[in-house]
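We name chains A, B, ... by the order of the sequence lines, and we start the count at 1 in each one. Any value given below was found using the heavy atoms of this structure, including those in side chains, with hydrogens, waters and symmetry copies removed.
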Number of protein chains: 2
Amino acid sequence: MSERRRSAVALSSRAHAFSVEALIGTNKKRKLRDWEDKGLDLSMESLSPSGQLGEDEDPTPCLDLHPDSEQSTGSDTEVLAERTSCSFGSHSDLTSGGSGPQPPPPSSMEEIQVELQCADLWKRFHDIGTEMIITKAGRRMFPAMRVKITGLDPHQQYYIAMDIVPVDNKRYRYVYHSSKWMVAGNADSPVPPRVYIHPDSLASGDTWMRQVVSFDKLKLTNNELDDQGHIILHSMHKYQPRVHVIRKDFSSDLSPTKPVPAGDGVKTFSFPETVFTTVTAYQNQQITRLKIDRNPFAKGFRDSGRNSSWLDSCLH
Amino acid sequence: MSERRRSAVALSSRAHAFSVEALIGTNKKRKLRDWEDKGLDLSMESLSPSGQLGEDEDPTPCLDLHPDSEQSTGSDTEVLAERTSCSFGSHSDLTSGGSGPQPPPPSSMEEIQVELQCADLWKRFHDIGTEMIITKAGRRMFPAMRVKITGLDPHQQYYIAMDIVPVDNKRYRYVYHSSKWMVAGNADSPVPPRVYIHPDSLASGDTWMRQVVSFDKLKLTNNELDDQGHIILHSMHKYQPRVHVIRKDFSSDLSPTKPVPAGDGVKTFSFPETVFTTVTAYQNQQITRLKIDRNPFAKGFRDSGRNSSWLDSCLH
DNA sequence: CAATTACCACCTAGGTGCTAACTT
DNA sequence: AAGTTAGCACCTAGGTGGTAATTG
């Protein structure tokens with residue numbers, strides 16, 4: 001084995017004809033393309049001798065390469081406009097669905113669609129009752145929000161941002177013997193608003209649409225005095241993540257510490273299966289198990305000893 | 001000890017009055033500020049309850065926190081215009097040193113200064129004869145180029161870029177018994193030009209001047225077919241890194257695969273003590289020793305066993 | 001023979017849930 | 001009693017030079 005180094009090498013076995021995708025880094029750490037759309041219209045494609053694209057594969061689907069994955073039981077992505085999505089705020093209007101050729105200046109937001117990645121994984125958590133740990137230092141979400149965006153104007157510049165809003169005005173507690181979340185009173189007083197502006201931001205529609213837009217670096221905290229720019233939430237409350245597409249010319253009020261502005265240049269999307277309850281320690285053991293099973297960073301807690309021992313014994 | 005976690009925590013002991021610097025991340029991984037200057041004039045300072053700055057300390061001086069450091073023997077930084085620097089190309093003109101108040105539109109490049117960080121460390125390598133390893137997959141430089149920039153127009157947008165140019169037209173070989181580099185013939189044919197555009201690029205002069213601009217993610221390669229955007233060099237040749245300050249309105253020809261454009265909107269800086277010879281394996285063992293001694297990632301090769309064993313025995 | 005490469009052990013850096021201690 | 005926190009072992013991810021094998 002020990003293919004770790006190999007897969008990071010320029011001419012690895014995965015490199016088909018110097019895939020531009022490998023260069024651009026659909027979702028990898030490479031920031032090379034970062035500056036590209038930020039005021040300049042430069043192309044990295046000159047780096048590719050073949051100029052060939054290989055956009056079909058997503059190098060890190062759900063941060064979840066678990067072999068037992070049941071993703072084959074259905075589509076692992078989900079188009080917003082088709083089934084699960086609804087829009088919050090007053091920005092989005094899917095009601096005017098038709099593509100009437102009446103282009104509002106500078107470019108229409110109406111045809112924009114946002115598709116949740118790893119929808120199957122989200123649904124498995126949702127069926128149990130998704131929990132997200134929040135800590136003083138900030139904790140990533142698992143699963144992370146990952147979306148594909150279509151219908152953008154390729155030459156228009158956009159910010160993509162995410163925030164998390166309360167689902168209701170209640171505080172919850174987990175009742176162990178019934179394995180259910182119960183209302184435990186009214187919500188705590190509101191926390192300072194925070195918006196996570198995607199780090200690739202200010203990029204062209206073309207760039208956004210080429211890649212899976214991942215929010216895996218976003219962190220949640222319960223520290224109301226947080227100075228790291230993390231999203232502040234109350235523990236034991238229910239929240240809904242939202243994704244915002246913001247046209248550049250409409251971003252004058254955009255700030256990580258102010259609510260996302262509303263209006264024609266902003267379109268907001270959310271996915272009901274991404275609702276979660278904040279905790280400081282997991283309540284439902286099924287959630288713990290699924291997290292350990294799917295989050296690569298928790299691999300140390302997988303008791304592959306127990307799970308695979310009977311399988312191992314079959315193979316001997 | 002185990003302060004590792006602690007230093008990443010919001011309210012760690014290092015956080016003096018919620019230092020904005022900690023939030024902005026002078027040189028840390030935090031990309032929060034990334035989008036800030038890219039077309040928007042947003043301020044993160046609202047995240048700081050005190051609004052207080054603590055700009056004096058540089059969290060990762062030289063990626064070198066070695067206690068034996070002799071940096072106290074002199075200034076560890078070096079202002080370009082004062083001693084060591086010279087400019088390549090035809091862009092820079094330090095000859096017009098005076099600050100004559102005749103502002104050329106849109107903003108003067110004449111007062112821009114670039115100061116090399118970790119100059120002492122660079123000099124120690126330079127005195128021996130700096131070597132940089134190049135590999136097919138790409139190798140970081142150590143030391144990395146790190147600079148402070150002054151004299152920018154705070155409200156002007158700039159790209160900061162780096163490239164590496166041949167010092168001469170020769171190929172070298174290392175003669176072990178004399179511990180010297182000798183000319184071994186003429187240089188190999190030129191390699192495809194590559195420019196590393198700093199990932200924070202397209203930011204305001206204000207933002208650039210606030211931080212130490214570090215090129216530690218830049219990688220060198222000997223793979224002429226590299227598709228990762230690394231800087232391509234020939235082994236056994238002598239090179240000089242250069243830093244470019246490029247006004248936004250002058251960046252129409254800026255590309256990672258084209259030479260940096262010349263003209264009024266571009267100013268180029270270089271530091272003689274950063275010249276190095278490319279190798280695929282270190283030639284001079286003094287270089288190896290200094291690298292191991294100073295690069296944290298090579299800590300595994302520090303034979304503290306041998307060095308400190310006699311010291312240990314003194315303590316027992 | 002000199003130069004390059006692949007693989008390795010050993011680091012840094014940081015993301016996991018567990019656990020015990022602490023807080024309210 | 002319920003909720004939170006700090007420290008921990010165990011991971012992922014990736015940057016070091018050493019070493020032996022390979023290349024030219």
Side-chain angles (χ1 to χ4, degrees), chain A residues 1-12 28-30 60 63 65 131 133-142 144 171-176 184 216-217 219 221-223 234-236 278-283 285 287-304, chain B residues 1-9 11-12 28-29 60 63 65 131 133-142 144 171-176 184 216-217 219 221-223 234-236 278-283 285 287-304:
Chain A
M1 282 298 184
S2 85
E3 291 279 313
R4 215 188 311 167
R5 289 313 284 260
R6 211 147 187 183
S7 60
V9 172
L11 296 177
S12 78
K28 292 286 190 183
K29 291 243 172 69
R30 305 225 67 258
T60 55
L63 283 172
L65 303 170
E131 301 174 23
I133 287 190
I134 58 179
T135 68
K136 199 164 118 186
R139 195 78 151 192
R140 288 187 180 178
M141 290 171 62
F142 187 88
R171 188 177 214 289
Y172 289 82
R173 69 187 188 88
Y174 187 74
V175 182
Y176 285 86
D216 54 357
K217 298 288 187 298
K219 287 189 176 180
T221 184
N222 57 350
N223 178 11
H234 279 130
S235 187
M236 301 293 173
T278 45
V279 295
T280 57
Y282 290 125
Q283 304 295 307
Q285 293 191 0
I287 290 294
T288 311
R289 219 171 301 153
L290 195 50
K291 295 250 184 179
I292 289 174
D293 208 37
R294 301 310 189 90
N295 188 333
F297 288 109
K299 192 173 277 182
F301 298 103
R302 293 180 194 166
D303 54 352
S304 54
Chain B
M1 282 301 185
S2 85
E3 289 278 313
R4 217 187 310 167
R5 289 313 283 263
R6 212 147 186 185
S7 60
V9 174
L11 296 176
S12 78
K28 293 286 188 182
K29 291 244 173 68
T60 55
L63 283 174
L65 303 170
E131 301 174 21
I133 287 190
I134 58 179
T135 68
K136 199 163 117 183
R139 196 77 151 192
R140 288 186 180 179
M141 291 172 62
F142 187 88
R171 189 177 212 289
Y172 289 83
R173 70 187 187 88
Y174 187 74
V175 182
Y176 285 86
D216 54 357
K217 298 288 186 299
K219 286 188 177 181
T221 184
N222 56 350
N223 179 10
H234 279 131
S235 188
M236 301 293 172
T278 45
V279 295
T280 57
Y282 290 125
Q283 305 295 307
Q285 292 191 0
I287 290 294
T288 311
R289 219 171 300 152
L290 195 49
K291 295 249 184 181
I292 289 174
D293 208 37
R294 301 310 190 89
N295 189 334
F297 288 109
K299 192 173 277 183
F301 298 103
R302 294 179 194 168
D303 54 352
S304 54

(request) Provide, to the nearest angstrom, the distance between the CG atom belonging to Asp303(A) and the P atom belonging to dG17(C). (result) 15 Å
(request) Grab the CZ-P distance between Arg140(A) and dA13(C) for me, whole Å please. (result) 16 Å
(request) Starting at atom NZ of Lys291(A), determine the distance to atom P of dC18(C), rounded to an integer number of angstrom. (result) 12 Å
(request) Give Ser235(B) one of three labels, base, sugar-phosphate or nothing, depending on what nucleic acid heavy atoms sit under 4.0 Å from its own. (result) sugar-phosphate
(message) I want to check one thing: is the phosphate of dG17(D), taken as OP1 and OP2, less than 4.0 Å away from some side-chain N or O of Arg139(B)?
(response) yes
(request) State whether Lys217(A) places a side-chain N or O below 4.0 Å from either non-bridging phosphate oxygen (OP1 or OP2) of dG15(C). (result) no
(request) Have a look at Thr288(A) and say if it touches a base, only the backbone sugar-phosphate, or nothing, with a 4.0 Å heavy-atom cut-off. (result) sugar-phosphate
(message) If the cut-off is 4.0 Å, is Arg302(A) near the phosphate of dC11(D), judged by side-chain N/O to OP1 or OP2?
(response) no
(request) Report yes if at least one side-chain N or O of Asn222(B) is closer than 4.0 Å to OP1 or OP2 of dT5(C); otherwise report no. (result) yes
(request) Check side-chain hydrogen bond (donor to acceptor under 3.5 Å, both in side chains) between Glu131(B) and all other residues, then give those that pass, not counting sequence neighbours. (result) none
(request) Measure from the side-chain heavy atoms of Met236(A) and tell me the nearest of dA3(C), dT16(C), dT4(D). (result) dT4(D)
(request) Please work out if Thr280(B) contacts a base, only the sugar-phosphate, or nothing of the nucleic acid, heavy-atom cut-off 4.0 Å. (result) base
(message) So, does Lys219(A) get its side chain near the phosphate of dG15(C), meaning an N or O under 4.0 Å from OP1 or OP2?
(response) yes
(request) Report the residues that fulfil salt bridge (Lys or Arg N to Asp or Glu O under 4.0 Å) with Arg171(A), sequence neighbours left out, ordered by chain and then residue number. (result) Asp188(A)
(request) Determine: side-chain N/O of Lys299(A) to OP1/OP2 of dT12(D), distance under 4.0 Å, yes or no. (result) yes
